[in-house]
Amino acid sequence: MGDMMKGNIAIAEAAVRAGVKLYAGYPITPSTEIMEYLSKRLPEVGASFIQAESELAGINMVMGAASCGVRALTASSGPGISLKQEGISCISDEELTCVVINVVRYGNGLGTLYSAQCDYHRETRGGGNGDYRCIVLSPGSIQEAVDLMATAYELAEKYRIVTVMMTEGALGQMMEPCDLPDFIEPEKLPWGMDGKYSYKKIGIFDRNSMTEAVDLNKKHDTIKANEQRWEDDGLEDADYVFVAYGLPGRSVKGAVRELREEGHKVGFIRPITTWPFPIKAFEKVNRDVKGFISVEANATGQLIDDVALAAKETVKDRNVPAYCLPCVYGIPSIRFTKEGLGKIINGEIKERY
Amino acid sequence: MAKARKVPAIIDNPMSFCPGCGHGIVIRLIAECLEELGQDQNIIFALGVGCSSLLGGGLVTDRLHCPHGRAGAVATGMKRVQPENTIVAYQGDGDAYSIGIAESINAAYRNENFTVITINNTNYGMTGGQMSWTTMPGQVTTTSPLGRDCETTGLPLRFPELVASQFDVAYAARGAVTTPKNVKKLKKYIWNGLDAQVKGEGYSVIEVLSPCPTNWKMTPLKAMERIETELIPYYPLGEFKARKEN
Ligand SMILES: Cc1ncc(C[n+]2csc(CCOP(=O)(O)OP(=O)(O)O)c2C)c(N)n1
Ligand code: SF4
């Protein structure tokens with residue numbers, strides 16, 4: 001087992017090892033250690049670090065680097081990611097590739113500094129103008145985040161799409177033992193610009209939006225078919241299935257273990273890709289399941305929408321109730337989840353869908 | 001008969017500018033300079049939004065259409081990962097000095113090693129002639145219908161002077177497309193700016209006073225006259241940051 005490392009630092013080092021050639025960003029808690037670390041580390045490996053004047057500028061610098069076919073990175077939280085939406089939409093539209101790390105913090109507007117999962121809708125639906133989606137990876141541990149860093153670029157490049165690494169404030173700030181991956185020296189992507197006009201479709205010129213729309217749908221369908229990732233347990237005989245990602249996903253695993261020991265037939269699905277949503281996991285669920293329960297760290301419940309849709313899509317013969325246990329911010333405790341199940345069983349908490 | 005000049009190889013398709021527009025002249029000059037400097041097969045354009053973006057359709061070069069105002073940031077990213085390429089940000093005044101003033105100022109502030117060419121036509125051309133930060137006092141536009149009132153809108157911005165006086169940039173100049181003499185001078189400025197970049201001296205900006213007959217609601221000739229009589233006195237031509245002797 002590797003050394004104890006802080007989440008943000010481990011992720012930043014994993015990015016260096018994945019061959020990132022440019023980082024551009026702007027400080028914001030709880031993501032800042034990523035840029036602080038890279039300000040020293042990237043020049044050591046001959047890559048560029050830019051402290052941008054704003055998040056807007058940062059993502060557009062990433063777009064410039066990405067158009068040249070190299071691995072580019074930015075990271076931020078809440079309000080900073082809001083500013084980056086323009087650039088993410090444009091990068092998606094041009095089918096360029098990059099990784100955006102969102103260390104999610106709670107709140108609307110300026111938000112707070114608390115760890116949360118309140119950006120689920122924004123990250124999984126797009127967020128900027130247009131019809132695009134990003135592949136969204138939602139790790140539940142520092143090791144998983146580190147292991148997914150190279151994957152994030154591989155997926156981005158395979159599909160020419162933006163990959164979002166959606167972590168949480170607490171994951172960025174906590175320490176865990178962690179093994180770091182080996183260094184990769186990625187090749188410059190063949191379509192990247194080099195001044196020689198060898199690749200021709202970048203910009204709004206030479207484009208046919210009608211055929212591109214068909215291609216875009218095909219691309220999204222392929223990603224949905226091939227790139228769903230998740231962890232599950234106890235689905236075959238479950239009366240109730242919890243669905244939770246990230247740190248709540250980890251906590252729910254503990255709750256399921258204890259509830260099973262107490263004789264409750266429960267299982268869990270922990271999405272690792274939140275887009276594409278792991279609908280295939282739901283196909284494994286006991287056909288007589290009594291309910292799905294999302295456990296999430298936000299105020300209103302966001303993941304619940306995808307859980308209900310997945311239930312509708314997979315258990316087609318009846319309307320399985322979908323319940324929501326939102327815990328606002330932080331990490332829902334095992335006790336919170338167990339008590340939530342009790343309230344659902346005794347009718348104190350009604351189904352959302 | 002006078003000998004016809006050769007069209008630079010990177011100019012390919014016709015571009016759909018209005019009759020009498022200044023953009024076409026500037027693009028021709030940029031293409032000639034790139035060819036003369038041996039950079040025409042080593043060039044990436046960061047194109048602004050607006051009539052500047054029409055440039056992309058006519059050139060056989062690498063080019064990325066940047067979000068409105070952000071070309072300064074996009075070009076920064078390009079140059080940092082590909083320092084051996086020549087990078088040109090080509091923008092309108094609304095793009096570079098209004099919505100993109102932060103990106104423009106900060107690229108100059110960092111002395112990024114690329115060249116910015118800004119077409120100052122004192123309005124937002126493509127969207128139908130709204131006021132921009134370079135609109136002249138009293139100028140009627142679709143959003144200053146009574147004429148620009150500088151009491152409430154600020155004074156027209158002189159960007160090359162600003163960065164030349166405040167920042168450590170390599171080169172800053174302003175030219176115009178009004179007369180053959182001015183066009184020749186402008187070409188020299190563009191050449192200087194690009195050459196500064198090729199030699200790694202840092203940020204260069206060339207602003208061009210350019211007519212927009214369509215939105216100024218003038219004939220092309222009247223529009224050229226307006227530049228001479230009204231604009232040049234406020235926006236002087238010349239080099240504000242000359243290059244070190246080389
Ligand atoms: C974010 C954003 N806001 C507004 C627009 C609409 N828009 C397109 S072109 C333009 C004006 C461009 O004016 P300028 O930069 O002066 O260039 P010109 O057309 O005069 O060459 C505007 C406002 C846009 N495309 N994107
Ligand atoms: S609107 Fe103005 S700037 Fe745009 S092409 Fe026409 S004349 Fe040129």
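Just so you know, these numbers use all the heavy atoms, side chains as well, and skip hydrogens, waters and symmetry mates. In this text the structure is predicted, and so the values were computed from the model without any measurement. In what follows, every chain begins at residue 1, and chains take the letters A, B, ... in the order their sequences are listed.
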Pairs of heavy atoms under 4.5 Å with chain A: top-ranked of B:Ile10, B:Ile43, B:Val60, B:Thr76 = B:Val60
task = For chain A, find its close neighbours in residues 105-131 of chain B: heavy-atom separation under 4.5 Å, sorted by number, or none.
result = B:Asn106, B:Arg110
inquiry  = Between B:Glu36 and B:Lys187, is the salt bridge (Lys or Arg N to Asp or Glu O under 4.0 Å) condition met? List the steps.
reply    = CA-CA 11 Å; B:Glu36 289 166 22; B:Lys187 180 170 174 185; 2.6 Å; yes
Contacting moiety of A:Ala57, where chain B heavy atoms sit under 4.5 Å = both
ask   = Does the side chain of A:Pro27 reach to within under 4.5 Å of the side chain of A:Met35, using non-hydrogen atoms?
value = yes
note = Sorted by chain and number, sequence neighbours left out, ring-ring contact (aromatic ring centres under 6.0 Å, His included) with B:Tyr171 holds for none
Chain B contact via A:Cys68 - side chain, backbone, both or neither, heavy atoms under 4.5 Å = both
query = Heavy-atom distance under 4.5 Å to chain B: side chain of A:Ser89, backbone, both or neither?
reply = neither
ask   = Between A:Trp275 and A:Arg125, is there a cation-pi geometry (under 6.0 Å to ring centre, at most 45° from the normal)?
value = no
query = What part of A:Val70 gets closer than 4.5 Å to chain B, counting heavy atoms only: side chain, backbone, both or neither?
reply = side chain
request  = With a 4.5 Å cut-off on heavy-atom pairs, point out which of B:Lys79, B:Gln82, B:Gln39 contacts chain A the most.
outcome  = B:Gln82
ask   = Above 12 or not: heavy atoms from other molecules or residues under 6.0 Å from CD of A:Glu187?
value = no
remark   = Okay, B:Asn85 and chain A: the region with an atom under 4.5 Å from a heavy atom over there is side chain
ask   = With a 4.5 angstrom heavy-atom cut-off, which part of A:Phe49 approaches chain B: side chain, backbone, both or neither?
value = backbone
key: Sequence neighbours excluded, every pair satisfying salt bridge (charged side-chain N to carboxylate O under 4.0 Å, His left out) that has a member inside residues 73-91 of chain A   = A:Glu86-B:Arg70
task = Flag the pair B:Pro211 / B:Val177 as yes when at least one side-chain heavy-atom distance between them is below 4.5 Å, and no otherwise.
result = yes
inquiry  = Using the ring-ring contact (aromatic ring centres under 6.0 Å, His included) criterion, which residues pair with A:Tyr132? Sequence neighbours excluded.
reply    = none
key: A:Tyr26-A:Gln51 side chain donor-acceptor pair, cut-off 3.5 Å   = no
